[in-house]
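Throughout, protein chains are lettered first and strands after them, A, B, ... in sequence-line order, and every chain is numbered starting at 1.
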Amino acid sequence: MLDPARMDDVLRRGGDVATVVTSWRRLDERRKKLQAELDTKRGARNAANERMSKLDKKSEEFAAARDELKTLSSAIKEGETELATLESTSQQRLLHIPNAPHASVPVGTSEADNPVLHTAGTKPTFTFAPKPHWEVGEQLGILDFEAGARIAGARFTVLRGAASRLNRALINYMLDLHAQHGYDEVWPPAVVRRAALRGTGQLPKFEADLFKLDVAVGPDHVADNDLFLSPTAEVQVTNLHLDSILDAAQLPRKYCAYAPCFRAEAGAHGKDTRGLIRQHQFDKVELVKLTTPETSYAELDGLRQDAERVLSGLGLHYRVVTLCTGDLGFGAAKTYDIEVWLPGQDTYREISSCSNFEDFQARRAKIRYRPSAADKPRPVHTINGSGIAIGRTIVAILENYQQADGSVVIPAALRPYLGGLERITPP
RNA sequence: GGAGGAGUGGCCGAGUGGUCGAAGGCAGCGGUCUUGAAAACCGCCGAGCGCAAGCUCCGGGGGUUCGAAUCCCUCCUCCUCCGCCA
């Protein structure tokens with residue numbers, strides 16, 4: 001959650017943020033006041049109890065003191081109940097306040113205001129009109145949208161044959177590449193509980209975007225046991241260190257993980273209804289770093305470059321944009337989006353999003369480190385990014401490497417992962 | 001799913017309902033000694049809230065009591081054995 005000391009900075013986001021901030025501030029004032037009153041009463045009770053422990057239990061003095069303390073004790077109990085309520089509502093408000101944008105984030109209202117950081121590679125040229133991937137894939141018989149819909153409904157797709165193999169190959173290619181750059185590979189659970197989602201910021205605000213399982217493991221009616229399909233491996237991997245204190249020597253921690261991702265929000269927008277772009281289920285390799293505050297922005301740049309390597313390795317043209325305040329996600333302090341070129345749709349599409357959350361997630365998930373043995377623990381900075389989205393990479397390959405005869409050439413870097421396959425050809 | 005056992009500070013581990021935020025040990029930090037290191041000795045050494053005084057925290061929640069790490073209830077987690085299964 002946001003560091004309460006930075007409430008002013010978050011207002012840069014504009015919109016209705018100010019309302020939530022004001023509401024939280026009011027509650028927090030009341031909380032502090034009540035806390036102080038309660039502490040005074042508790043102090044009095046503690047002192048009185050200490051005196052009592054030295055009295056003869058059979059004396060009249062003892063009995064009198066006991067009767068007197070009964071009143072104080074019940075007043076304290078009442079105050080504690082009230083404070084608990086106040087604390088939880090104040091905490092609840094705080095969990096709904098987004099992160100403060102980094103000073104370098106440009107002010108803007110929509111993605112149209114995102115400045116381009118740089119572009120890499122070149123657009124491929126075609127002697128024919130390039131088709132969108134759904135046409136390429138269907139003609140090759142490797143993307144089966146109808147079967148996906150039959151089995152699970154709209155926005156679920158069956159990959160057949162070469163597309164299925166390509167999916168596997170991409171996962172392995174990416175994980176191998178990242179391992180070479182010092183990321184530790186992790187294979188996490190696909191489901192996550194509330195505490196983990198709260199830690200990374202998906203909850204409590206975005207529950208509607210998630211697939212929630214109808215069954216809980218453990219006793220019913222305990223919200224903490226609710227299980228959700230994870231929307232991104234960022235949740236599992238960042239929460240590897242939920243509620244723990246790391247040694248400074250362990251930082252930066254670098255992880256990569258493959259995991260299927262599930263998002264319920266995808267269908268609601270009514271856009272990207274065709275093809276693989278916006279699915280309820282997709283595969284993704286994720287990069288996560290835990291760092292010190294001093295190094296987090298350098299590490300963000302490094303992580304973004306590691307994600308870019310995947311695309312340049314595949315010979316794909318892309319550009320990197322910096323998200324403006326209006327486009328910045330809830331928990332992010334700064335985000336770079338990597339957008340791959342899709343000739344079949346004549347547009348750039350997000351294929352990776354790399355963010356520095358600073359201490360926002362670390363405060364929620366209580367992930368801290370000790371700068372040196374003599375220091376108090378302080379929150380780490382967390383960084384993550386797609387490295388990269390598998391489904392959209394398939395989209396990019398099908399569109400960029402399509403040939404006049406309907407076949408698709410496999411990028412050289414992937415061939416070792418496909419038994420040397422050089423080309424996907426029509427049946 | 002069934003039966004038993006256990007959860008205390010970074011780790012191990014004590015703790016008759018009252019002066020216990022908690023003995024002791026290990027690790028860590030500072031110092032003495034040493035050319036340097038080791039050993040030895042001395043000191044420090046959990047976290048959160050609060051400007052501070054102070055308050056809170058012994059797996060979570062609830063209860064009993066003037067007072068709970070200690071008693072009661074409940075849940076969770078881990079370990080052992082049995083069952084089931086990929």
### Message
I'd like the P distance from B:G60 over to B:U65, given in whole Å.
### Response
23 Å

#### Entry: Rounded distance in Å between the C1' positions of B:A53 and B:C72
36 Å

### Message
Given A:Pro252, which partner from the list A:Thr291, A:Thr295, A:Ile383, A:Thr292 fulfils the side-chain contact (heavy atoms from CB on, under 4.5 Å) test?
### Response
A:Thr291

### Message
What is the separation between atom CG on A:Leu69 and atom C1' on B:G67, rounded to the nearest whole Å?
### Response
9 Å

### Nucleotide opposite B:C55 in a Watson-Crick or G-U pair, distances under 3.5 Å
B:G48

### Message
Regarding A:Arg13 and A:Thr325, do their side chains bring together a donor and an acceptor under 3.5 Å, going by distance alone?
### Response
no

### Query
For A:Asp176 and A:Tyr417, does a side-chain donor sit closer than 3.5 Å to a side-chain acceptor?
yes

### Distance between P atoms of B:G62 and B:A68 (Å, rounded)
14 Å

### Task
Assess the side chains of A:Ser372 and A:Asp375: does a donor N or O sit below 3.5 Å from an acceptor N or O?
yes

### Query
Looking at the rings of A:Phe360 and A:His381, which for Trp means the six-membered one, are their centres under 6.0 Å apart?
no

#### Entry: By ring pair (Phe, Tyr, Trp, His ring centres under 6.0 Å) - contacts of A:His133 (at least two apart)
none

### Query
Does the A:Arg304 side chain pair with the main chain of A:Cys354, one donor and one acceptor, at a distance under 3.5 Å?
no

### Task
Whole angstrom is fine here: how far is it from CD1 in A:Ile76 over to P in B:C66?
13 Å

### Task
Using the P atom as the reference point in each nucleotide, state the distance between B:A38 and B:G30 in Å, no decimals.
12 Å

### Summary
When rounded to whole Å, the NZ to P distance for the pair A:Lys77 and B:U56 reads 13 Å

### Message
Testing the 3.5 Å rule here: is there a donor-acceptor pair between the side chains of A:Asp247 and A:Tyr369?
### Response
no

### Message
I want to check one thing: is the phosphate of B:U65, taken as OP1 and OP2, less than 4.0 Å away from some side-chain N or O of A:Ser73?
### Response
no

### Query
Whole Å only: how far is the CG atom of A:Asp247 from the P atom of B:G46?
16 Å

### Task
Just name whichever nucleotide pairs with B:A3, Watson-Crick or G-U, keeping both distances under 3.5 Å, else none.
B:U80

### Query
Watson-Crick or G-U wobble partner for B:C41, using a 3.5 Å limit on both distances?
B:G31

### Message
Can you identify which nucleotide, out of B:U19, B:G67, B:G18, has its nearest atom closest to the A:Met52 side chain?
### Response
B:G18

#### Entry: Pairwise P distance, B:C75 and B:G1 [rounded to whole Å]
13 Å

### Query
Using the P atom in both, what is the distance from B:A14 to B:A6, to the nearest Å?
12 Å

Could you list all N or O pairs between the protein and nucleotides 47-55 of chain B that sit under 3.5 Å apart?
unit_1 : atom_1 : unit_2   : atom_2 : d
B:A47  : OP1    : A:Arg370 : NH1    : 3.2
B:A47  : OP2    : A:Lys376 : NZ     : 3.1
B:A47  : O3'    : A:Arg368 : NH1    : 3.1
B:G48  : OP1    : A:Arg368 : NH1    : 3.3
B:C49  : O2'    : A:Arg31  : NH2    : 3.3
B:G54  : N2     : A:Asp39  : OD2    : 3.2
B:C55  : OP1    : A:Asn46  : ND2    : 3.4
B:C55  : O2'    : A:Asp39  : OD1    : 2.7
B:C55  : O2'    : A:Arg42  : NH1    : 3.0

### Message
Could you tell me how far B:C58 sits from B:G9 if I compare only their P atoms? Round to whole Å.
### Response
10 Å

### Task
Check the distance between B:C66's C1' and A:Arg66's CZ and give it to me in whole angstrom.
7 Å

### G-U wobble or Watson-Crick pairing nucleotide for B:A68 (cut-off 3.5 Å, both distances)
none

### Query
Considering only the P atoms, how many Å lie between B:G63 and B:C57, rounded to the nearest integer?
14 Å

